[in-house]
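These notes concern the structure reproduced below.
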Amino acid sequence: MTDQLRFVALGDSFTEGVGDPDPRLPNNCRGWADRVAEELARQDQSVRYSNLAIRGRRLQQIIDEQIDPALAMKPTLVSFYAGGNDLLMARPNLSRLIRTYEDAVQRIVASGATVLLFTGYNVPLSPLLEPLKVRTATYNRSIRRIAAEYGTLLVDYWCFEKFQDQRMWAPDRLHMSTPGHSYMAKKVLEVLGSPHSLETPVLAAPRPRTFTENIADDAAWLRRDVGPWLSRRLRGVSSGDHVGARWPDLMPVVLPERLGMADAKARVPQLSSRFS
């Protein structure tokens, strides 16, 4: 049992898999963490995997709800992505956010698990939200420092040029698309130094869009994604309020080619994945 890889993924919609739809699976999504677990299991069938991430969760919620259950599983590998939803707040206290994040990392590292951290990305939301880039850059500097000080692995998402292509993003512009999640899984496996079968997604040359098409797309985005997101913020609710962890228990990895529609996927209510 001591040599068994036990991978537990913690976080928000980024790790839950929002933007990578798969109706066969809980919450109707797959994501990079599932893909990483699948590749690890192809190398070693004894791998066990749990994904506790839930869309919309802020840093303190992730700490309060996910770390204790994760550590109870005695993981050998923990991925920890948190803080993205905090950065979207109107006036985040970055100093406090970093202190809280560092305390959480210290606690996970103390368990003896290998810890995998991530920087954030300047998601292509809108030119009107360019100030988010400054927040994210400040946050990322601290993530890199923490990773160095605590000896964790780091996936430096900020530096991945592939994500400048809008097709790596879901229509809501906040979550990675299926190609984005697949590419992220490949980069994570490279950081882990693990053999894998994933290829870099090949995207055809984009079709140039007219000014009118861009305006129409922005209008649809505001109506479909931003409006509901702002409404939830004003009401103090989250898209993840009635969603449970996709894989709450440490379990063998089910490879996608062996997964049928009849498999039990409905562990949690299926809600919209928009703008968590």
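Values reported hereafter were calculated over all heavy atoms of this structure, with side chains retained and with hydrogens, waters and symmetry mates removed.
Between the side chains of Q4 and T76, no donor N or O sits under 3.5 Å from an acceptor N or O. Side-chain contact, W32 with D20: no donor N or O sits under 3.5 Å from an acceptor N or O.
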Practice item. Output, in order, the C-alpha distance, side-chain angles, deciding distance and verdict of side chain to side chain contact (heavy atoms under 4.5 Å, CB included) for T136 and Y121. Key: CA-CA 7 Å; T136 305; Y121 195 79; over 6 Å; no
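One finds the OG1 atom of T152 at 3.5 Å from the CG atom of L117 (value rounded to the nearest 0.5 Å). Note that the CG atom of N51 and the SG atom of C29 stand 8.5 Å from one another [nearest 0.5 Å]. The distance from the CD1 atom of I146 to the CD1 atom of I98 is 5.5 Å, given to the nearest 0.5 Å. With rounding to the nearest 0.5 angstrom, the CG atom of D34 is 4.0 Å from the CZ atom of R246.
The hydrophobic clustering, which links ILVMFWY residues whose side-chain heavy atoms are closer than 4.5 Å, places V109 and I67 together. In the hydrophobic cluster analysis, where Ile, Leu, Val, Met, Phe, Trp and Tyr join through side-chain heavy atoms closer than 4.5 angstrom, W169 is grouped together with Y183.
Taking each heavy atom of G83 and Y139 in turn, the nearest pair found is CA-OH, 3.5 Å. Nearest heavy atoms, T15 versus A53: CB-CB, 3.7 Å. When all heavy atoms of V36 and F7 are compared, the closest pair comes out as CG1-CE2, 4.1 Å. Here the closest non-hydrogen pair linking A245 and L52 is CB-CA, 3.7 Å.
Looking at heavy atoms from C-beta onward, L40 lies in side-chain contact with L189 at the 4.5 angstrom threshold. No side-chain heavy atom of Q66 sits less than 4.5 Å from a side-chain heavy atom of V8. The shortest side-chain heavy-atom distance between R24 and P256 falls under the 4.5 Å cut-off. Taking the side chain as every heavy atom from C-beta outward, L10 and I108 approach each other to under 4.5 Å. The shortest distance between side-chain heavy atoms of N140 and Y157 does not fall below 4.5 Å. Side-chain contact check for R30 versus H181: every heavy-atom pair is 4.5 Å or farther apart. Contact annotation: the side chain of F163 approaches that of M176 to within less than 4.5 Å [non-hydrogen atoms, C-beta and beyond].
Ion pairing between a basic and an acidic side chain is recognised when a charged N comes within 4.0 Å of a carboxylate O; E16 and R57 show no such pairing. We find that R42 and E39 are joined by a salt bridge, their nearest charged nitrogen and carboxylate oxygen being less than 4.0 Å apart.
The closest donor-acceptor contact from the side chain of T138 to the backbone of V134 lies under 3.5 Å. Side-chain atoms of S13 never come within 3.5 Å of backbone atoms of G56 as a donor-acceptor pair (strictly under, hydrogens ignored). R48 places a side-chain N or O within 3.5 Å of a backbone atom of S46 that can act as its donor or acceptor partner.
Q61 is linked by a side chain to side chain donor-acceptor pair (under 3.5 Å) to nothing, counting only residues two or more places apart in sequence or in another chain. With sequence neighbours excluded, the residues that form a side chain to side chain donor-acceptor pair (under 3.5 Å) with E190 are K186, K187. Take Y81 and apply the ring pair (Phe, Tyr, Trp, His ring centres under 6.0 Å) test, not counting sequence neighbours, and it matches F14, F118.
Just one residue in the list N93, L97, D12, T100 forms a side chain to side chain contact (heavy atoms under 4.5 Å, CB included) with D86, and that residue is L97.
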